[in-house]
There are 2 protein chains.
Amino acid sequence: MPELPFTLDQLRILKAIAAQGSFKKAADLLYVTQPAVSLQIQNLEKQLEITIFDRGGRKALLTEAGRLLLEYCERILNQCDEACKAIEDLNSLKGGTLIIGASQTTGTYLMPRMIGLFRQKYPDVSVQLQVHSTRRTGWSVANGQIDLGIIGGQLPGDLENLLQVIPYATDELALVLHYKHPLSNKKELLKEDLYKLNFVTLDSQSTTRKVVDKLLQDSGLDIQRLKIEMELNSLEAIKNAVQSGLGASFLPVVSIERELAAGTIHKAFVADLEVKRELKLITNPSRYTSRASEVFKKNILPQFASLESPLRQL
Amino acid sequence: MPELPFTLDQLRILKAIAAQGSFKKAADLLYVTQPAVSLQIQNLEKQLEITIFDRGGRKALLTEAGRLLLEYCERILNQCDEACKAIEDLNSLKGGTLIIGASQTTGTYLMPRMIGLFRQKYPDVSVQLQVHSTRRTGWSVANGQIDLGIIGGQLPGDLENLLQVIPYATDELALVLHYKHPLSNKKELLKEDLYKLNFVTLDSQSTTRKVVDKLLQDSGLDIQRLKIEMELNSLEAIKNAVQSGLGASFLPVVSIERELAAGTIHKAFVADLEVKRELKLITNPSRYTSRASEVFKKNILPQFASLESPLRQL
DNA sequence: TATTTGAATAATTGAAATTTATGGAGACTC
DNA sequence: GAGTCTCCATAAATTTCAATTATTCAAATA
C-alpha cells in the first residue's frame, strides 16, 4: 500500500489558485492565510517532484505538470462532492434501500399496503421485500441481512432474546365457510360445532398454522378431533378450496377482505373463541439502524397499529 | 467553498477495512495501530453523520451508507493513483509536450533534425514547433508560451536582459551565385566584386537580412551601393531565383546543402569576408523549466553545437 | 466460566499545518 | 527612476490534529 503523495486539502488549494490566478486570492477564498497556501503548494511540489505554478509574473500560471495535475484534481474533487451529496441524500431519505422481511401472510396481504404508504412518503427510497418463513426472517434480522421483519408468529427462543420484538397490531383469524354451508346460517357457532367441520389448513410447518393450533388448544379445543380434509401451502389455494365448498378454515381477515365483500366466502362467529395473533415488528438493537428503517418503524407502522383489520385504516 | 468532510487517509482506511473485514487487520496492512484506524473511522462517521461499519459480529461489515461511500472511495483513490502515474510519466519524460519556437531559417532547415533526434530519444514527449519572427519568438519565451526558442539574430534590447541567451552554433551565410554566373569561375572574389552583382534578398524586416546587412557593413562594405534586384520573403523563393540566374544572395549554408550537392547553385568565397552568425538558444530563467526542455538543452543541443554546418553532425 | 480476540476509550506524545511577522521582487504610479 | 503597492517566500511560534501506548469493554470461543 503506497503512501499518498497529496491530500485533498492540497488539491483544493491547487484548484482555488488555478481558478483565481493568485495565491493570495485563493487564500482569501479558502479562509486561510497566504503562507498556508504557499506552504501547502510547496509541499505538494516537493512530494511530486514537479513545479506546479509559475510565480514569475503578476499571475500564478500553471505549468504543464500543473495543468495535468489540475485535470485529475478536478475529477477527484468532483467525485468527493458527489459522494457527499449521495450521503446527504441517504441521510435525508432521498436514496438508499430498505429491506424488509415478512412471512407469507403479512408479506402477501399487509406489506404491499405498508410499503405503498412508505413509498408515497419517501419515493426516493427503494424498498425490497423478502418473503420467508418466520424463522428465516428472524435470522436475517439477526445477522443484518434485512433491516426489519414483520412476523405474525413466535420466534425461536434464542432469537426472542436477541431481537427487539414490538407488537404493533392484532390480526384476527376468522373461521370461514362456504357461503352455502349449512352452518353459515347460524348467527353464532359453538366450539363443538368445529368438530363437525372439514378443515382445509396450511401445512403444519407454517407459522400461521401453528398459531391457530395453539390458540384453539388454549381455548379448550382438542385439535386432534378436528377433521383436516387437506393441507395446502398457500392461503390463496385454501381460499379457493373454501370457496369451492371443500371445507372450512381459519384465515387472517386481512387476506379475505375482498371475498367477504363479494360474499363468496362466509365468516362465521364462534362463541367464546377469539383467534387473534399479534403482528410484530422485529429489529436487531445491536446493529446499525438505517434512517429508512427508523422512519418506517416510527412513522409508517403506527398507522397500521392496534386495528382488528389494519386494512380499514387506508 | 465547503469544507471537505473527509480526507484521503480516511478513505484509504475505509477501503482497507472493507477489504480486510477487520479494523485490526486494516491497521496492520497500513502499518498503524488499531486505535488510529478506529479514531479515523469515528471521525469520518461523525463528519458524515452516518454509520459506516457494523461492528456487531466477528467481522466489521459495511452498512448501506458504508457501501455507498466505498464505491466513491474506490473511484477517488483510483483517480489519485492515476494522477500519480501521470505525474511520474511526465517526470520520466514519458509524456508531456515540448514547445519550441524558431525563426524561419532555423525552423525550416535545422529544427526538423533536432526535433527528430529528440523524438528518437524521447518518443513519448510530443514536440510542437512554432515558426515565428525572432522578436515574437523572444516574447513567447518571455511570457512562457513556449519552452525555448532557437534564433539566429539579435533580440530586442529589453528581451536581451530578461532572457538567457546561449550561443550554441555558428551558421555561415554563404554568397551563392548561379552556377553559370561569370564570377563563379573565380576561386576567390574580392569585396569589390559584390558591387557588380545583382542581389536577391530577404525583405528588410527579416532578421536574417538584418544580420547579413550588419555583417557586410561591419566588414567595410557600403551596403547602399549593393544592387538589390528584388526582395522576397522566403528562402525557398530566393533559392529558386538564384538558380534561375536572377541574381546572387547570402544564404545560410544549412539551407542550400542539397543544391550545393546537386551543383545547381554555386557557393562563392570572398576574400576577407566572413558572414557568420551565432545560432542561439533562448530560455526564460525566471520561469519554470520543464524536464523536456532541460533535456533538450543539455542533451540535444550540444550535438549540433560548434559546427560550421550543424547538418554534418547527423 | 474462563479465555481470547477485536474494538473503544483515555492520556500522552509527536508531528504537521496554521498563524503572525517579516523580507524581497516585480509591477504600476507619478 | 524613485516610491509604493502587491504578491509570494521565509522564519519562528503556536495550535491543532493524528498516532501511540496502555487499558477497558464486549462478544465469541473453548
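A note on names: the letters A, B, ... follow the listed sequences, proteins ahead of strands, and every chain is numbered from 1. The model shown is predicted, which means the values in this text are computed figures rather than measured ones.
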Under the side-chain contact (heavy atoms from CB on, under 4.5 Å) test, residues paired with A:Ala26 that sit two or more places apart: A:Ala16, A:Ile17
Could you tell me the separation between the CG atom of A:Asp9 and the P atom of C:dA16, rounded to a whole number of Å? 15 Å
Looking at five pairs on each end of the helix from C:dT1-D:dA30 to C:dC30-D:dG1, what is the angle between the two axes, given to 10 degrees? 30°
Which residues pass the side chain to side chain donor-acceptor pair (under 3.5 Å) test with A:Arg209, sequence neighbours left out? A:Thr201, A:Asp213, A:Glu231
Measure CG/B:Asp28 against P/D:dT20 and give the value in whole Å, please. 11 Å
What is the distance from CD1 of B:Ile52 to P of C:dA7, rounded to the nearest Å? 15 Å
Using the ring pair (Phe, Tyr, Trp, His ring centres under 6.0 Å) criterion, which residues pair with B:Phe296? Sequence neighbours excluded. B:Phe118
Between B:Lys121 and B:Asn299, what is the shortest heavy-atom contact and its length? NZ-O, 4.4 Å
In whole angstroms, the gap separating P of C:dA16 from CD1 of A:Ile13 amounts to 16 Å
Are A:Asn43 and C:dA16 close enough that a side-chain N or O sits under 4.0 Å from OP1 or OP2? no
Nearest-neighbour nucleotide for the A:Gln40 side chain, C:dT18, D:dA18, D:dT20 considered: C:dT18
Whole Å only: how far is the CG atom of B:Leu61 from the P atom of C:dA7? 11 Å
Residue pairs meeting ring pair (Phe, Tyr, Trp, His ring centres under 6.0 Å), one or both in residues 34-55 of chain B, sequence neighbours left out, come to B:Phe23-B:Phe53
Check this for me, if you would: do B:Lys214 and B:Asp218 make a salt bridge, where the nitrogen-to-carboxylate-oxygen distance has to be below 4.0 angstrom? yes
Scoring nucleotides 7-13 of chain D by protein non-hydrogen atoms under 4.0 Å (B base, S sugar-phosphate only, - none) yields SBBB---
Between B:Thr137 and B:Ala102, which heavy-atom pair has the shortest distance, and what is it? OG1-O, 3.9 Å
Between A:Asp9 and A:Arg12 (salt bridge meaning N to carboxylate O under 4.0 Å), is one present in this structure? yes
Would you kindly give the CG-to-P distance between B:Leu44 and D:dC17, to the nearest whole Å? 16 Å
Taking NZ, NE, NH1 and NH2 as the nitrogens, is one of them in A:Glu88 or A:Arg291 under 4.0 Å from a carboxylate oxygen of the other? no
Between CD1 of B:Ile41 and C1' of D:dA18 the distance, given in whole Å, is 14 Å
What is the separation between atom CD on B:Gln20 and atom P on C:dT5, rounded to the nearest whole Å? 18 Å
